[in-house]
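Contents: one structure, followed by commentary.
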Amino acid sequence: MPELPEVETIRTAIEPLIRGERLIEIELRDRTIIRGDAEAFRSSVMNTRVTDVTRRGKHLLLLLETGRGIALHLRMTGSLLLKEPERPNRVRAVLSFANGTRLFFSDMRRLGTITPVESIEDYICRLGPEPLGDEFTPDRLACCLAKHRIPVKAALLDQHIVAGIGNMYADEALFEAGMHPLTPANALRDEQIFHLCQAIRAVLERAITCQGASINTYALPNGERGTAHDTFRVAHKQGAPCPECGATIARLMIRKRGACYCPSCQHLRNDSTV
DNA sequence: CATTGTCCCTGGAAGC
DNA sequence: TGCTTCCAGGGACAAT
């Protein structure tokens with residue numbers, strides 16, 4: 001599932017291929033991928049030049065010379081491939097550029113979206129801070145968490161609080177911070193939040209180094225798989241032994257989402273020493 | 001306002 | 001073996 005590290009890996013791969021290039025064709029094999037009017041979208045971006053390829057959280061952003069942009073969200077099973085994949089029926093859109101680069105938006109479960117963006121700033125301001133950026137600080141995270149009594153796991157998945165963390169990296173960050181996923185967000189002490197901040201950065205940076213986690217359908221644009229899942233310690237590890245203490249990794253449901261954690265290493269009490 | 005629940009979507013796994 | 005049911009989860013939206 002593409003989360004921040006996967007989207008960043010994709011961004012890094014395609015940026016040198018399409019930056020400065022003109023978008024010459026948009027093939028919509030499934031026009032429901034466009035949020036809004038598909039024809040209006042096509043005419044508004046056709047034959048414009050891509051000036052930059054950026055990312056905010058899990059959103060991949062193509063900035064255009066017109067000042068507008070295109071936001072791509074891969075959701076659960078989306079991928080951006082440079083060649084027609086083996087399952088062409090899963091391709092929902094193809095973006096073609098003047099230099100011959102073609103991006104195939106493949107998406108088995110058809111939950112991904114392409115959104116026309118009038119103002120990048122207006123689009124981005126709906127999202128929380130970028131966890132690898134300077135604006136993501138322990139103070140800011142503490143300020144956000146203090147407003148909520150929801151489980152800290154649910155808070156990490158809230159893109160208004162911090163952008164880019166999905167289910168598997170939330171589990172990994174909470175393990176790294178020694179924090180039980182059900183800990184109320186507003187019960188965390190400043191010291192714990194500091195450690196959580198560090199854990200989030202460490203987990204995401206490690207995953208980017210591994211070019212993302214290919215547990216299911218995620219692949220790099222060239223079709224290769226990432227290896228971040230090989231470094232996972234609790235995510236998708238239910239029933240396996242904890243790498244730290246050997247206890248069996250448990251799984252519970254929080255808001256209909258699975259949460260894998262070590263019942264021995266991750267404590268609910270907030271007086272635990274980290 | 002804060003929080004929880006529902007829906008969307010498909011394929012693989014599990015159960016009968 | 002073949003059918004049905006459930007589950008995976010990101011985010012918009014509805015309900016409480």
Side-chain angles (χ1 to χ4, degrees), chain A residues 1-8 10 28-37 55-61 71-80 85-93 105-117 122-128 130-131 143-174 181-188 200 204 207 212-219 228-229 232 234-239 249-261:
Chain A
M1 300 127 230
E3 303 180 24
L4 187 152
E6 290 74 29
V7 178
E8 176 61 19
I10 293 168
L28 296 177
R29 301 185 187 177
D30 172 10
R31 54 185 47 225
T32 67
I33 196 173
I34 306 292
R35 293 184 68 85
D37 187 308
R55 177 189 57 73
R56 181 61 172 262
K58 306 169 191 171
H59 302 249
L60 186 64
L61 302 166
L72 307 175
H73 201 303
L74 303 173
R75 293 283 175 91
M76 302 299 301
T77 57
S79 56
L80 278 185
E86 294 179 16
R87 305 278 202 100
N89 55 322
R90 293 180 177 177
V91 174
R92 305 178 63 202
F105 193 133
S106 178
D107 185 12
M108 180 184 78
R109 277 159 65 179
R110 304 202 301 138
L111 293 168
T113 53
I114 297 177
T115 306
V117 175
D122 289 351
Y123 185 83
I124 280 179
C125 74
R126 306 172 302 118
L127 296 166
E130 171 66 28
C143 190
C144 286
L145 293 181
K147 298 174 189 165
H148 302 280
R149 36 180 255 153
I150 58 176
V152 62
K153 169 71 186 282
L156 293 186
L157 295 178
D158 185 337
Q159 304 297 299
H160 301 98
I161 294 175
V162 52
I165 301 174
N167 208 37
M168 57 192 183
Y169 293 113
D171 283 352
E172 287 298 303
L174 289 172
L182 283 176
T183 312
N186 61 1
L188 295 169
I200 289 168
L204 295 178
S214 288
I215 284 184
N216 291 320
T217 58
Y218 163 75
H229 51 283
F232 284 176
V234 292
H236 294 95
K237 295 277 187 181
Q238 181 187 16
I249 301 300
R251 184 171 183 271
L252 55 81
M253 296 301 284
I254 301 174
R255 303 263 270 274
K256 294 287 180 187
R257 246 118 226 163
C260 295
Y261 68 106

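Side chains included, hydrogens not; waters and symmetry mates left out as well; all remaining heavy atoms used. A quick note: this is a predicted structure, and the numbers were derived from the prediction, not measured. Each chain gets a letter, A, B and so on, in the order its sequence line appears, and its residues count up from 1.
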Please name the residue in the list A/Leu182, A/Leu252, A/Asp171, A/Thr183 that meets the side-chain contact (heavy atoms from CB on, under 4.5 Å) test with A/Lys153.
A/Asp171
If you compare every side-chain N and O of A/Arg110 against the phosphate oxygens of C/dG10 (OP1, OP2), does one of them come in below 4.0 Å?
no
If you compare every side-chain N and O of A/Lys58 against the phosphate oxygens of C/dG11 (OP1, OP2), does one of them come in below 4.0 Å?
yes
Find out whether A/His59 and A/Val7 are in side-chain contact, i.e. whether some heavy atom of one side chain is under 4.5 Å from a heavy atom of the other.
no
Return the nearest nucleotide to the side chain of A/Arg87; candidates are B/dT10, B/dG12, C/dG9.
B/dG12
Between A/Asp158 (CG) and C/dG10 (P), how many Å, whole number?
12 Å
Roughly how many Å is it from CZ in A/Arg75 to P in C/dG10, rounded to a whole number?
10 Å
4.5 Å side-chain heavy-atom contact, A/Arg75 and A/Arg109
no
According to a strict under-4.0 Å criterion, is A/Gln159 in side-chain N/O contact with OP1 or OP2 of C/dG10?
no
Is it the case that A/Glu6 and A/Tyr169 place a side-chain donor and acceptor less than 3.5 Å from each other?
yes
5'-most by nearest nucleotide on DNA chain B - A/Pro151 or A/Asp107:
A/Pro151
Pick base, sugar-phosphate or nothing for A/Ile150, based on heavy-atom distances below 4.0 Å to the nucleic acid.
sugar-phosphate
Separation of atom CG in A/Leu156 from atom P in C/dG9, rounded to whole Å:
15 Å
Under 4.0 Å, counting only non-hydrogen atoms across every strand here, what does A/Arg255 touch: a base, just sugar-phosphate, or nothing?
base
Mark yes or no for a side-chain to base donor-acceptor pair under 3.5 Å between A/Arg257 and C/dA8, with no hydrogen or angle criteria applied.
no
Ranking B/dT3, C/dG9, C/dG10 by distance to the side chain of A/His148, first place goes to B/dT3
For the pair made of NZ in A/Lys256 and P in C/dA8, what is the distance, rounded to whole Å?
10 Å
Between P on B/dT3 and CG on A/Leu157, what's the gap in Å once rounded to a whole number?
15 Å
What's A/Arg92 touching, base or sugar-phosphate or nothing? Going by heavy atoms closer than 4.0 Å.
nothing
Ignoring backbone atoms, establish whether A/Arg109 has a side-chain N or O less than 4.0 Å from OP1 or OP2 of C/dG10.
no
When you measure from the side chain of A/His73 to the backbone N and O of A/Thr113, does any donor-acceptor pair fall under 3.5 Å?
no
Could you tell me which non-hydrogen atom of A/Asp107 sits nearest to which non-hydrogen atom of A/Gly78, and how far apart they are?
OD1-N, 3.5 Å
May I have the distance from A/Met108 (atom CE) to C/dC7 (atom C1'), rounded to whole angstrom?
12 Å
Identify whether any heavy atom of A/Met253 sits under 4.0 Å from a base atom; if not, whether one sits that close to sugar-phosphate; answer base, sugar-phosphate or nothing.
sugar-phosphate
Atom CG of A/Asn167 and atom C1' of C/dA8 are separated, to the nearest Å, by 9 Å
Tell me what A/Met1 touches on the nucleic acid: a base, only sugar-phosphate, or nothing, going by heavy atoms under 4.0 Å.
sugar-phosphate
Residue met sooner reading DNA chain C from 5', once A/Leu111 and A/Arg126 are mapped to nucleotides
A/Leu111
To the nearest Å, how far apart are A/Ile215 CD1 and C/dG10 P?
12 Å
